[in-house]
Participant: 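Quick one: structure below, then a few questions.
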Amino acid sequence: MRDFMRILQLHSNFIEYIPIQKEIALAEEAKKEEKRLEEIVVLFTAVEEDDNEAVALKAIDEVQAFLQKLKVNRILIYPYAHLSSNLAKPAKALEVIKRMEANAKEKGLETYRAPFGWNKQFTISIKGHPLAEQSRTILPTEAEKEEKVSEAVKAEKKIKSSWNIIETDGKMVSVEKFDFKGYENLEKFARYEMSKVRASQHMPPHVKLMKKLEIADYEPGSDPGNIRWYPKGRLIKSLLEQLVTTKMAEYGAMEVETPIMYDFEHPSLAGYLDRFPARQYILKSENKKLFLRFAACFGQFLIVHDAQFSYTQMPLKVYELTHYSFRREQRGEVVGLRRLRAFTMPDCHAFCIDLEQAKKEFITRFKLCMKILEEIGFFRDDYEAAIRFTRDFYEENKQFIKSLAEIFGKPVLSEMWKDRFFYFIMKWDFNFVDNQDKAAALSTDQIDVENAERYDIFYVDEKGEKRHPLIMHCSPSGAIERCVYALLERAYKEQKCGKAPTLPLWLSPTQVRIIPMSDKYLKHSEKLVDDLKVKHIRADIDDRALTMQKRIREAEMEWVPYILVIGQKEIASNVLPVRDRKAGKIRKMKLEELTGEIKEIIKGMPFKPLPLPKRLSKRPQFYG
RNA sequence: GCCCCGGUGGCUCAGCCCGGUAGAGCGGCAGCCUCGUAAGCUGUUGGUCGCGGGUUCAAAUCCCGCCCGGGGCUCCA
């Protein structure tokens with residue numbers, strides 16, 4: 001927290017003061033005689049710890065503006081320590097006060113100053129008008145504020161990268177020479193990464209969709225980038241979370257839970273903060289300065305630091321789904337669900353014996369991440385890969401890097417750093433390219449060569465000696481919110497191509513909507529819903545007193561994948577007219593055929609029941 | 001964090017330039033309609049014009065500060 005200069009500003013009929021005795025060694029020379037000044041604005045001034053010359057100048061500016069209103073041109077600067085509990089050092093305070101005095105004189109004010117460092121006796125008579133008494137806090141202007149930014153954030157600005165495309169056969173071609181025909185998405189991604197130049201007039205389309213579909217919305221009662229999730233959105237998020245967590249458990253990672261806030265002064269953490277390119281939320285509690293975690297690294301590292309393990313148990317895999325991670329992203333960067341200040345991130349660390357083991361594990365995880373994105377519902381054309389490494393790493397591991405491109409099956413962007421700026425020697429990331437041609441990273445994995453030492457993490461090798469492992473940092477899907485963003489942006493792309501936008505069936509809040517022709521068929525509809533529920537299919541009934549056409553329209557606008565209209569014919573024949581969103585037509589099916597088809601599509605995916613009342617008439621409207 | 005644009009019933013937006021009693025559509029509610037695959041009809045409700053301050057006889061409208069949203073810079077999961 002920063003402190004500011006404090007000034008108590010009093011429009012006085014007169015003030016009389018006598019210096020009594022020096023209070024500090026640095027006190028100025030002064031005569032112990034009474035001084036009387038009339039028709040004057042007295043500035044009782046306290047200089048605080050972080051104040052500087054710029055603040056002094058600004059203070060005088062503000063005071064001058066005030067004087068003009070009062071039509072007074074005479075001031076007394078009266079050093080008055082009692083206004084603050086966080087005073088600057090006397091030498092500094094005196095310097096700032098002298099600066100104020102000099103500046104006021106330069107501005108043509110008739111300026112007096114009481115001596116600094118003295119215990120003084122004073123009598124003051126203050127005028128009775130409303131503006132006579134004012135207290136001010138002088139804040140430095142924005143440009144003068146020095147934001148504390150991690151070394152890594154600063155370092156990023158200096159990074160020199162060289163950019164290439166690695167083809168699936170391992171051939172490396174500079175981005176300028178690569179023929180992007182057939183790889184338009186990769187081209188957009190490469191351009192985005194390299195130049196960061198893009199022009200966008202509108203807000204990203206997923207923002208409108210997330211509101212209209214009642215998935216999520218901004219929360220003005222919080223900080224920007226902290227989102228509210230409505231029941232449908234919470235369901236989608238929760239299912240994604242379950243999928244990723246299940247996949248990580250199958251992979252062999254041990255799920256843990258760690259605190260969301262950490263001690264700023266903890267020796268390992270303080271060092272790490274400077275190595276991670278992110279800004280933090282900071283909070284004070286009692287005497288402690290705490291920061292909110294921006295990843296699960298610390299918690300897991302502190303656990304593993306205290307754990308005992310040997311090479312026989314490695315790679316050791318630890319996983320956490322952070323609810324939440326916090327990054328105080330720059331204001332202009334926080335948009336919709338693309339970039340948040342609070343986000344849910346699956347974070348898995350693998351502790352490896354050596355680079356050989358790390359590389360092997362890296363490949364396993366690379367494939368695992370591709371698999372997870374596929375299961376979520378992303379197609380291969382939805383995302384592009386980037387592989388980034390230091391020049392040294394590349395020289396010694398060319399074959400390994402090539403093999404990643406081969407596994408990916410499409411050309412990948414590569415970024416080579418001349419020097420190592422971060423704690424990792426290499427990383428890869430999968431990136432979604434959205435409707436504004438902006439790229440956002442989903443899955444990522446890194447090989448960390450620094451933090452085992454920083455956190456004093458070690459394993460016992462085959463000779464019984466303690467050694468630091470290599471640490472791999474992987475987010476298998478990227479932030480969960482970002483997956484939702486990508487799914488919505490992808491749906492919008494489909495819509496632009498003239499297709500009906502959809503969410504993957506396993507994530508659709510309502511999978512089957514039943515529309516009874518009239519109240520007469522409500523009972524039958526209820527039974528249908530219950531039959532589907534037993535089969536773990538989310539179905540609901542639009543029982544509102546609206547025309548059938550209107551209810552169909554609304555179901556379509558909710559992106560419901562299957563819509564069933566129930567009337568006399570259906571009850572009589574047992575054949576259902578299924579309005580299939582994907583197929584874009586009505587298909588006559590038996591109930592068993594429909595449930596069979598749905599079960600087949602969502603086989604193996606997590607399930608949660610409908611998060612809303614099954615009758616639409618009982619639902620509140622959260623948006624619109 | 002900086003620069004630019006915006007904020008008007010629950011939602012989408014008009015009015016602001018040029019100050020003078022706050023408008024529409026959607027939604028909600030009530031009633032009618034009981035409907036065969038993307039908007040049935042009628043009535044009605046609902047607004048501290050983002051918040052605070054200033055100018056003015058008078059502010060949604062002009063000025064200043066702040067908050068929130070969008071775009072750009074910069075940056076990332």
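Per chain, numbering begins at 1; letters A, B, ... match sequence-line order.
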Participant: When you compare G15(B) with C62(B), how far apart are their P atoms, in angstrom units rounded to a whole number?
Facilitator: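 12 Å, rounded to whole Å.
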Participant: Identify whether any heavy atom of K585(A) sits under 4.0 Å from a base atom; if not, whether one sits that close to sugar-phosphate; answer base, sugar-phosphate or nothing.
Facilitator: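 Since no nucleic acid heavy atom lies under 4.0 Å of K585(A), the category is nothing.
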Participant: For a salt bridge (Lys or Arg N to Asp or Glu O under 4.0 Å) check, start with the C-alpha distance between E415(A) and R388(A), then their side-chain angles and the critical distance, and finish with the verdict.
Facilitator: CA-CA 5 Å; E415(A) 177 178 12; R388(A) 306 163 201 261; 2.6 Å; yes
Participant: F430(A) and F366(A): aromatic ring centres closer than 6.0 Å?
Facilitator: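 Yes - the distance between ring centres of F430(A) and F366(A) falls below the 6.0 Å cut-off.
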Participant: Indicate the ring-plane relationship of F432(A) and F378(A), choosing parallel, tilted or perpendicular according to the 30° and 60° boundaries.
Facilitator: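 Taking F378(A) first and then F432(A), their aromatic rings sit tilted (interplane angle of 30° to 60°).
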Participant: Under 4.0 Å, heavy atoms only, any strand: does V560(A) hit a base, just the sugar-phosphate, or nothing?
Facilitator: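 If one applies the 4.0 Å heavy-atom cut-off, V560(A) turns out to touch nothing in the nucleic acid.
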Participant: Under 3.5 Å, is there a donor-acceptor pair between the side chain of Y262(A) and the main chain of P259(A)?
Facilitator: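 Yes: the side chain of Y262(A) pairs with the backbone of P259(A).
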Participant: Which whole number of Å gives the distance between the C1' atom of G27(B) and that of C66(B)?
Facilitator: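 Looking at atom C1' only, G27(B) and C66(B) are 32 Å apart.
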Participant: Within the 4.0 Å limit for protein heavy atoms, which parts of nucleotides 32-38 of chain B are touched? Write it as a string from 5' to 3', B for base, S for sugar-phosphate only, - for none.
Facilitator: --BBBBB
Participant: Donor-acceptor pair, distance only, cut-off 3.5 Å: does the side chain of R380(A) make one with the backbone of F408(A)?
Facilitator: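 Side chain of R380(A) to backbone of F408(A): a pair is present.
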Participant: To the side chain of K427(A), which of A77(B), G71(B), C75(B) is closest?
Facilitator: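 Taking heavy atoms from C-beta onward, the closest nucleotide is A77(B).
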Participant: Which residue, I514(A), V512(A), D540(A), forms the side-chain contact (heavy atoms from CB on, under 4.5 Å) with V529(A)?
Facilitator: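 The passing option is I514(A).
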Participant: Would you mind checking if K582(A) and D580(A) are paired as a salt bridge, meaning a charged N to carboxylate O distance below 4.0 Å?
Facilitator: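 The answer is no: the pair does not qualify as a salt bridge.
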Participant: For nucleotides U48(B) and G6(B), find the distance between their P atoms and express it as a whole number of Å.
Facilitator: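 So the two P atoms sit 24 Å from each other.
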Participant: For salt bridge (Lys or Arg N to Asp or Glu O under 4.0 Å), just list the numbers for D429(A) and K427(A), CA-CA rounded to whole Å, side-chain angles, deciding distance to a tenth of an Å, and then say yes or no.
Facilitator: CA-CA 7 Å; D429(A) 38 271; K427(A) 71 174 286 196; 3.7 Å; yes
Participant: So if I apply the side-chain hydrogen bond (donor to acceptor under 3.5 Å, both in side chains) rule between Y562(A) and each of R579(A), R581(A), R513(A), E597(A), which one comes out positive?
Facilitator: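 Checked R579(A), R581(A), R513(A), E597(A) against Y562(A); only one passes side-chain hydrogen bond (donor to acceptor under 3.5 Å, both in side chains): E597(A).
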Participant: Can you give me the N/O atom pairs linking the protein to nucleotides 12-14 of chain B at distances under 3.5 Å, or say none if there are none?
Facilitator:
residue, atom, partner, partner atom, Å
U12(B), OP1, Y623(A), OH, 3.0

Participant: Would you mind reading off the distance between E558(A) atom CD and G27(B) atom C1', rounded to a whole angstrom?
Facilitator: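 So the CD-C1' distance, E558(A) to G27(B), works out to 14 Å.
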Participant: Rounded to whole angstrom, note down the P distance from G43(B) over to C35(B).
Facilitator: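 It comes out at 25 Å once rounded to the nearest Å.
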Participant: Quick one: list whatever passes side chain to side chain contact (heavy atoms under 4.5 Å, CB included) with P611(A), sequence neighbours left out.
Facilitator: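 Listed in chain order: P231(A), L235(A).
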Participant: Considering Watson-Crick and G-U wobble pairs with both distances under 3.5 Å, what does C29(B) pair with?
Facilitator: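 Partner of C29(B): G43(B).
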Participant: Taking only Lys NZ, Arg NE, NH1 and NH2, and the carboxylate oxygens of Asp or Glu, determine whether R293(A) and E320(A) approach each other closer than 4.0 Å.
Facilitator: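 Looking at E320(A) together with R293(A), the answer is yes, because their closest N to O distance falls below 4.0 Å.
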Participant: Report the residue (L337(A) or G225(A)) whose heavy-atom-nearest nucleotide on RNA chain B is the more 5′ of the two.
Facilitator: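 The residue closer to the strand's 5' end, by nearest nucleotide, is G225(A).
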Participant: To the nearest angstrom, how far is R228(A) atom CZ from G69(B) atom C1'?
Facilitator: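 That distance rounds to 14 Å.
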Participant: I would like to know whether Y230(A) and F622(A) meet ring pair (Phe, Tyr, Trp, His ring centres under 6.0 Å); could you show each step before the answer?
Facilitator: CA-CA 7 Å; Y230(A) 297 119; F622(A) 290 103; 5.3 Å; yes
Participant: Check the distance between G27(B)'s C1' and R619(A)'s CZ and give it to me in whole angstrom.
Facilitator: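 Checked: the CZ to C1' distance equals 17 Å.
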Participant: For U55(B), which nucleotide in any strand shown is its Watson-Crick or wobble partner with both distances under 3.5 Å?
Facilitator: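 Across all strands, not a single nucleotide pairs with U55(B).
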Participant: Rounding to an integer number of Å, can you tell me how far I515(A) CD1 sits from A39(B) C1'?
Facilitator: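 Atom-to-atom, I515(A) to A39(B), this comes out as 13 Å.
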Participant: Rounding to an integer number of angstrom, what distance separates G19(B) and U56(B) when you compare their P atoms?
Facilitator: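 Nearest-Å result for G19(B) against U56(B) at atom P: 16 Å.
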Participant: Expressed in whole Å, how much space separates the P atoms belonging to A77(B) and C3(B)?
Facilitator: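 The answer is 27 Å between these two P atoms.
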Participant: In whole Å, what is the span from the CG atom of D429(A) to the C1' atom of C75(B)?
Facilitator: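 Going from D429(A) (CG) to C75(B) (C1'), I get 14 Å.
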Participant: Counting only side-chain heavy atoms from C-beta out, which of G71(B), G69(B), A77(B) sits nearest to Q446(A)?
Facilitator: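 Within the option list, the nearest is A77(B).
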Participant: Tell me: CD of E329(A) to P of C73(B), nearest whole Å?
Facilitator: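 Distance, rounded to whole Å: 16 Å.
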Participant: How far, in whole Å, is G10(B) from C67(B) if one measures between their P atoms?
Facilitator: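 That atom pair is separated by 24 Å.
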Participant: So, taking the atom named CZ in R328(A) and the one named CG in L292(A), what distance separates them when rounded to the nearest 0.5 Å?
Facilitator: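 Result: 11.0 Å between the selected atoms.
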Participant: What are the residues of residues 476-490 of chain A, sorted by number, that bring a heavy atom to within less than 4.0 Å of RNA chain B?
Facilitator: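 Per residue number, the list reads G478(A), A479(A), R482(A).
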Participant: In the strands shown, is G6(B) matched to any nucleotide by a Watson-Crick or G-U wobble pair with both distances under 3.5 Å, and which?
Facilitator: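 Matched G6(B) with C68(B) under the 3.5 Å cut-off.
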Participant: Using a cut-off of 4.0 Å between protein heavy atoms and nucleotide atoms, how would you tag nucleotides 43-51 of chain B 5' to 3' with B, S and -?
Facilitator: ---------
Participant: Exactly one of Y319(A), F422(A), F298(A), Y423(A) should register a ring pair (Phe, Tyr, Trp, His ring centres under 6.0 Å) with H473(A). Which one does?
Facilitator: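 Passing option: Y423(A).
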Participant: Report the residues that fulfil side chain to side chain contact (heavy atoms under 4.5 Å, CB included) with P204(A), sequence neighbours left out, ordered by chain and then residue number.
Facilitator: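 Per chain and number, P204(A) pairs via side chain to side chain contact (heavy atoms under 4.5 Å, CB included) with H206(A), V207(A), V335(A), R338(A), Q436(A), E489(A).
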Participant: When you compare G9(B) with A60(B), how far apart are their P atoms, in angstrom units rounded to a whole number?
Facilitator: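 That atom pair is separated by 14 Å.
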Participant: Nearest whole angstrom, please: distance from the C1' of G69(B) to the NE2 of H206(A).
Facilitator: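 Taking NE2 of H206(A) and C1' of G69(B), I get 13 Å after rounding.
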Participant: side-chain hydrogen bond (donor to acceptor under 3.5 Å, both in side chains), that's the test. Do Y281(A) and R327(A) meet it? Break it down for me.
Facilitator: CA-CA 7 Å; Y281(A) 276 108; R327(A) 293 187 193 173; over 6 Å; no
Participant: How many Å lie between CD on Q330(A) and P on G71(B), as a whole number?
Facilitator: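 So the two atoms are 15 Å apart, to the nearest Å.
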